[in-house]
Amino acid sequence: MQQLQARIGPNAKAIRALMAPLVLVMILAMMVLPLPPFALDLLFTFNIAMALMVMMVAAYMVRPLDFAAFPAVILLTTLLRLSLNVASTRVVLLQGHTGTAAAGKVIESFGHFLIGGNFAVGLIVFAILVVINFVVVTKGAERIAEVGARFTLDAMPGKQMAIDADMNAGLIDQNEAKRRRAEVGDEAEFFGSMDGASKYVRGDAMAGLLILFINIIGGFVIGVAQHDLSASQAADSYILLAVGDALVAQIPALLISVAAAMVVSRVGKDLDVGSQITKQVFSSPRSLAVVGGVLAVLGSIPGMPHLVFLLLAAGLGYGSWLLHERQQRAKNEPKPAPPPPEANAEATWDDLQPVDTLGLEVGYRLIALVDKNRQGDLLARIKGVRRKFAQDVGFLPPPVHIRDNLELKPSAYRLTLRGAIVGEGEAFPGMWLAINPGGATTPLIGTATTDPAFGLPATWIEDRQRETAQMAGFTVVDCSTVIATHLSHLMQLHAARLLGRVETQQLVEHVTKLAPKLMEDVVPKMVGIAALQKVLQLLLEEGVHIRDMRSIVECLAEFAATVTDPAELARRIRVHLAPSIVQQIYGPTKELEVIAMEPELERMVTQALNSPHGAALDPGVADTLSKSAAQSAKRQEDLGHPACLLVPDMIRAPMARLLKRAVPRLKVLSHSEIPETHSIRIGSIIGAAT
């Protein structure tokens, strides 16, 4: 049995391959060889069946490529109709004088049954069918095919780029990309072929019209001149046969035209035409009710056919009510509960939830702040915070994932960074936080607290005290602003941890668009992504913004060939960015009020931090140094100056790490980071006798 199937399989494939050439040869043979009336009946019936089958396939297809052979089918069916016209014309002109059955029963039936044997009615019906086919259906389908082919070809490069982008992003593999590219190419070829195939349908309608008039004139002349028939006899025989022949050919042509119009006018790739129309046209109970009401009004007008209008109105009204009830039941049906986890089920990778880079957990009273339906504006504030951070710091931070946490107090919130808590606070919707910037002395009635972002004394007050607090010098903000400001402050403090590998890659891609040649020469040829990320993190840890990525990359291009240590590269970049770093701390002023170290203390710290046996600073000295630095920083801030310590180059980095935890607001600069355009004035000395 298997051997028989193995033999039949290749033979069947070979026969299918020969089908199209054989059909073309038979079609062309019909134009030359005479056919008996029975063969004409069989072929005319096959032509009608073929047209119906093509129209059904076009109606039930979902995607255009489901019927990719349609342009070739249009060509074959057009040739079949034209060859049948030629064959029937030969029989009509040769045997038409013998009666209306000369060209077979199909033509005779169309001539007698459809038009009642009246050739004048037949001419009118044929003319109407030609107008419908040629002017209405074919003309519209031709225009749609032309525009569809143009738009498909124009969109082809964009679709190819989208496929390449999905493959580069890892969303699809190479095989899926090949399949999609082939589908895009096939779709473009299909619409291009349909644009040309629509011309076949148009030409077929014109050919049918010309063949009809040729048959009428030729048959009438042959009947009268050659067969000695009277004018009325010639008209009854030849004209009736010509009209019947034209109708037999025109009806399948109209079916093919309708099929072509359905194929090219399809929109969407999920449903067939019937399902799409039913779903979109008859799915609105309100529309059905309005149409039913209009018909009921028209049916109640005197002189109108009341039964017809009111019957349709009742049917539409019932359909509207039935559809509305069905939609209500579907809306009120309880959603199926998720299946309970199986007892002793095996753990899967789906049980592992990724940790959010930035997270905001809120108590249930704060949910309204993130609900747009309740006019919550916290989401908009957070978007603004991310945009401001990107503009100031120089890279786009990861999005903030917000969720409710029933374990928190109702008015509490919590900020997390990679799963670790970095900030907490409370916010009371409907109340205002009055923050004392330092000069307000008027007591306020409310709940005393501290500003969660900067630790300033503050008070939660009611709305009626808002104006009083503002006049007294307090900074008054709502609870959404409190949370957004706290988030912004923490993002600035932890900017280095926010710059992950993904953000670094996105930053490189963004800068590549602005300076492609520079980035191509440096990253990743001279500096890899990992090394670049480490260098940028070292800068961000000390509050240095990385907005000027072009200068940073230019500095890397200068030193990366000889220096591989990220810390040393970061030091040289700081010197390169010295003007912007100083401006970030001091603003536009040219005279810099700095904190210095007492010379003996500076010498001792330098020796300890640069010892050949490793940095080892005495704990007591380190504690004293931290306390003195904190006092000097406060003294500078009280005088309205930035807290900035100036130290030698070789100890700047370790001093910055040492003092960061004790005095986080203190900036540490080296001598080489002071631009030549600025002057220095020592305002406070650490270690000096007081």
Side-chain angles (χ1 to χ4, degrees), residues 493-496 534-535 537-544 555 559 563-586 589 591-676 678-690:
L493 288 179
H494 300 281
K534 183 61 178 177
V535 170
Q537 285 177 333
L538 290 173
L539 295 173
L540 292 170
E541 281 178 358
E542 298 190 41
V544 178
C555 186
F559 298 107
V563 179
T564 58
D565 182 24
E568 179 61 20
L569 286 174
R571 185 189 73 80
R572 301 198 181 191
I573 291 174
R574 285 182 61 95
V575 176
H576 192 72
L577 298 178
S580 61
I581 294 176
V582 170
Q583 181 175 326
Q584 182 181 332
I585 299 173
Y586 285 94
T589 182
E591 186 180 35
L592 310 181
E593 183 98 5
V594 300
I595 303 171
M597 296 177 62
E598 193 270 331
E600 184 62 26
L601 176 62
E602 183 179 282
R603 183 186 61 79
M604 181 180 65
V605 171
T606 302
Q607 290 178 349
L609 295 180
N610 290 278
S611 172
H613 304 290
L617 188 63
D618 183 80
V621 176
D623 183 62
T624 302
L625 185 62
S626 300
K627 291 180 180 179
S628 299
Q631 294 173 357
S632 298
K634 186 177 185 306
R635 192 179 307 118
Q636 288 289 96
E637 291 173 343
D638 291 341
L639 295 174
H641 302 299
C644 181
L645 175 63
L646 186 64
V647 296
D649 291 10
M650 61 183 65
I651 64 171
R652 195 213 65 81
M655 283 294 294
R657 291 192 296 269
L658 174 66
L659 299 176
K660 182 178 181 180
R661 182 169 298 179
V663 197
R665 63 187 182 279
L666 180 64
K667 304 295 182 182
V668 182
L669 293 178
S670 66
H671 293 289
S672 60
E673 294 174 356
I674 304 298
E676 297 178 356
H678 292 63
S679 60
I680 297 174
R681 188 164 66 89
I682 298 176
S684 180
I685 299 178
I686 297 176
T690 56

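Values reported hereafter were calculated over all heavy atoms of this structure, with side chains retained and with hydrogens, waters and symmetry mates removed. If you're wondering where the values come from, they're calculated on a predicted model, not measured in any experiment.
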*Heavy-atom pair of closest approach, residues Pro579 and Pro675*: CA-CG, 3.9 Å

*If you round to the nearest 0.5 Å, how far is NE2 of His678 from CD of Gln583?*
7.5 Å

*Which pair of heavy atoms, one from Val544 and one from Gln584, lies closest together, and at what distance?*
CA-OE1, 4.2 Å

*Calculate, to the nearest 0.5 Å, the distance between atoms CG and OG1 belonging to Leu601 and Thr606 respectively.*
9.0 Å

_Point-to-point distance, once rounded to the nearest 0.5 Å, from CG of Leu666 to CG of Leu658_ = 10.5 Å

_Show, in sequence, the C-alpha distance, side-chain angles and deciding distance for Ile686 and Glu602, and conclude whether the side chain to side chain contact (heavy atoms under 4.5 Å, CB included) test is met._
CA-CA 9 Å; Ile686 297 176; Glu602 183 179 282; over 6 Å; no

*With the side chain counted from C-beta on, respond yes when Leu538 and Pro566 share a heavy-atom pair under 4.5 Å apart, and no when they do not.*
yes

_Under the side chain to side chain donor-acceptor pair (under 3.5 Å) test against Asp638, which residue among His641, Arg635, Lys634 passes?_
Lys634

_Closest non-hydrogen atom pair between Val668 and Arg652, with its separation_ = O-NH1, 3.1 Å

*How many angstroms lie between CD1 in Ile674 and CG in Leu669, if you round to the nearest 0.5 Å?*
5.0 Å

*For side chain to side chain contact (heavy atoms under 4.5 Å, CB included), just list the numbers for Ser626 and Leu659, CA-CA rounded to whole Å, side-chain angles, deciding distance to a tenth of an Å, and then say yes or no.*
CA-CA 6 Å; Ser626 300; Leu659 299 176; 4.0 Å; yes

*Just how far is it from atom OH of Tyr586 to atom CD of Glu591, taken to the nearest 0.5 Å?*
10.5 Å

*asked:* Minimum heavy-atom separation for Lys667 and Gly543, please, with both atom names.
replied: NZ-CA, 4.3 Å

*State which residue, out of Arg657, Lys660, Arg571, Arg574, fulfils the salt bridge (Lys or Arg N to Asp or Glu O under 4.0 Å) condition with Glu542.*
Arg574

*Taking all non-hydrogen atoms of both residues into account, name the closest pair between Val605 and Met655 and its distance.*
CG1-SD, 3.9 Å

*Report yes if some heavy atom in the side chain of Gln636 is under 4.5 Å from a heavy atom in the side chain of Pro642; otherwise report no.*
no

_Least distance between heavy atoms, Ser670 atom then Asp649 atom_ = CB-OD1, 3.1 Å

*With side chain to side chain contact (heavy atoms under 4.5 Å, CB included) as the test, would you mind laying out the steps for Leu569 and Arg572 before giving the verdict?*
CA-CA 5 Å; Leu569 286 174; Arg572 301 198 181 191; 5.7 Å; no

_Atom pair CG (Leu645) and OG (Ser632), whose distance is rounded to the nearest 0.5 Å_ = 8.5 Å

